[in-house]
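Notes for the one structure printed next.
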Amino acid sequence: MPELPEVETMVRGLRPALVGQTLHRLTIHDPFLLQGCTAEEIERQGGGAKVTAVDRRGKWVVIALGGCRGSIVIQPRMTGGFWLVPPDRPQHVRVSFGLKRPERTVWFCDARRLGKVAWYATVDDAEAAFARSQGPDALIITPDDLALRLSKTSRGIKPTLMDQKILAGIGNIYADEVLFQSRIHPERPASSLTAEEHNRLHAAIGEVLNRAIAAEGSSFDAGYRTVLGLEGGFLAQNAMYGRGGKPCPGCGGAILKTKIAGLIGRPTHYCPTCQPAIGIR
DNA sequence: CGGTTACCCTGGATGC
DNA sequence: TGCATCCAGGGTAACC
């Protein structure tokens, strides 16, 4: 569920509650989510440790622990999220962070259990794990680097933008928004984009993601909420996602909702007029 | 090697 | 009301 703007909103919400606090107790409620460490290990490292930083890398949440206790990395994936709000214990709790002063609990919940929780012995180890499996963060990548990476594959531009090894942070919602804003058809081969299109795309990525962060992300149905349980406001102002059949804000024509190659079951929304299918099939 | 597709897991919405 | 079916914002492993 969460993409870069939602994870950034989580991190900003977690910081004031966690940074500088001592974790009185860290509890793994569902070892299924663990990757490369045991529940005992991560509970022992986290228990009594002071949180020194909470940061985002792509769609990862990185919680740094002081006193050489390493870093906890949480990937919310589709349905993971953090909760600060008492008094009731939320559903599907997978990890809980017990704090002492003030006495409260921060929960990580994940209905579908697709999320991942890992522990690394040092901050550098966590950083290296990110660099191994993910490309540059979508808000940091340079126009030249983006152009170079896109030039190396003939896959469709949308599945390429969603490939975290190319760049980290963009998922199904923001891929549709970014491609609409840059007027590029989602099935265009990534390597076929022109220099002009690279520039439009890079600008759109920064603009759309920052606008979504300002709105605290995208909520619909019973999905993503901020750490305080509030809905993100981006879907009130977005152009494409979830608006199949409705008028395109650019030309007034109907927005197409469809499925495209390279993305198994995921819906794709685009405007066939504003995002013309140049040189496809 | 590069690209595409099963599949992971579960809950909520929808349809009969 | 009950049950079957489909859908979902992510990511990997295996396949062609």
Side-chain angles (χ1 to χ4, degrees), chain A residues 1-10 29-36 56-61 73-82 90-94 108-118 129-130 132-135 138 149-180 186-192 208-209 212-213 215-226 231-236 238-244 257-269 280-281:
Chain A
M1 139 238 286
E3 305 180 32
L4 185 151
E6 289 74 29
V7 178
E8 179 64 27
T9 303
M10 290 177 191
H29 300 271
D30 186 359
F32 179 83
L33 307 202
L34 295 178
Q35 256 190 339
R56 180 188 63 74
R57 293 283 181 280
K59 300 176 191 175
W60 295 15
V61 175
V73 171
I74 297 185
Q75 295 176 248
R77 301 245 181 135
M78 291 273 264
T79 49
F82 292 87
Q91 288 188 304
H92 315 302
V93 174
R94 309 300 175 192
F108 174 71
C109 307
D110 182 8
R112 275 171 74 179
R113 306 170 79 207
L114 292 168
K116 294 293 170 197
V117 177
F130 180 81
R132 261 199 311 279
S133 64
Q134 314 271 294
R149 286 163 174 270
L150 297 184
S151 72
K152 289 179 176 169
T153 178
S154 64
R155 298 152 73 197
I157 182 63
K158 179 170 176 186
T160 304
L161 283 180
M162 290 172 63
D163 183 343
Q164 305 301 295
K165 280 191 159 66
I166 302 287
L167 76 170
I170 296 177
N172 202 38
I173 291 181
Y174 298 107
D176 283 355
E177 295 306 317
V178 160
L179 288 172
F180 170 70
E187 292 179 288
R188 288 276 303 285
S191 55
S192 77
V208 167
L209 294 180
I213 290 169
E216 302 196 303
S218 300
S219 293
F220 59 90
D221 302 336
Y224 157 83
R225 294 293 183 274
T226 72
E231 293 193 13
F234 186 73
L235 285 194
N238 75 325
M240 290 287 127
Y241 194 87
R243 301 191 68 248
K257 178 181 179 181
T258 181
K259 313 256 186 207
I260 67 171
L263 291 175
I264 327 88
R266 300 245 174 71
T268 287
H269 311 72
I280 298 172
R281 217 175 318 275

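The chains referred to below are lettered A, B, ... by the order of the sequence lines, with proteins before strands, and numbering in each begins at 1.
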task: Return the value, rounded to whole Å, for the distance between atom CG of A:D163 and atom C1' of B:dG3.
output: 11 Å
- request: Would you give a per-nucleotide map of nucleotides 4-11 of chain B, 5' to 3', where B means the base has a protein non-hydrogen atom under 4.0 Å away, S means only the sugar-phosphate does, and - means neither?
  value: SBB-BBBS
task: Just jot down the side chain to side chain donor-acceptor pair (under 3.5 Å) partners of A:R56, sequence neighbours excluded, or say none.
output: A:E8, A:D137
message: Pairs counted only when both distances fall under 3.5 Å, Watson-Crick or G-U: show me the 5' to 3' dot-bracket for DNA chain B, [ ] for pseudoknotted crossings and | for other-strand partners.
response: .|||||||.|||||||
task: Just call it for A:K59: base, sugar-phosphate, or nothing, with non-hydrogen atoms closer than 4.0 Å on any strand.
output: sugar-phosphate
- prompt: Considering only heavy atoms from C-beta outward, does the side chain of A:R113 approach that of A:R94 to under 4.5 Å?
  reply: yes
task: Select base, sugar-phosphate, or nothing to describe what A:G265 touches, counting heavy atoms under 4.0 Å on all strands.
output: sugar-phosphate
- prompt: Nearest of C:dG9, C:dG11, B:dG3 to any side-chain atom of A:S218?
  reply: C:dG9
message: Looking only at the side chain of A:Y241 (C-beta and beyond, no hydrogens), which of the listed nucleotides B:dG3, C:dA8, C:dG11 gets closest?
response: C:dA8
task: Please work out if A:K259 contacts a base, only the sugar-phosphate, or nothing of the nucleic acid, heavy-atom cut-off 4.0 Å.
output: sugar-phosphate
task: Round to a whole Å and report the spacing from CG of A:L161 to P of B:dG3.
output: 14 Å
task: Have a look at A:Y174 and say if it touches a base, only the backbone sugar-phosphate, or nothing, with a 4.0 Å heavy-atom cut-off.
output: nothing
- request: To the nearest Å, give me how far apart CG (A:L167) and C1' (C:dG11) are.
  value: 15 Å
message: Roughly how many Å apart are C:dA14 and B:dC9, using the P atom of each and rounding to a whole number?
response: 15 Å
C1' gap between B:dG3 and C:dG9, integer Å: 23 Å
- prompt: How close or far is atom P of C:dT12 from atom CZ of A:R132, stated in whole angstroms?
  reply: 13 Å
message: Under a 3.5 Å threshold, yes or no: a donor from one side chain and an acceptor from the other, between A:E6 and A:Y174?
response: yes
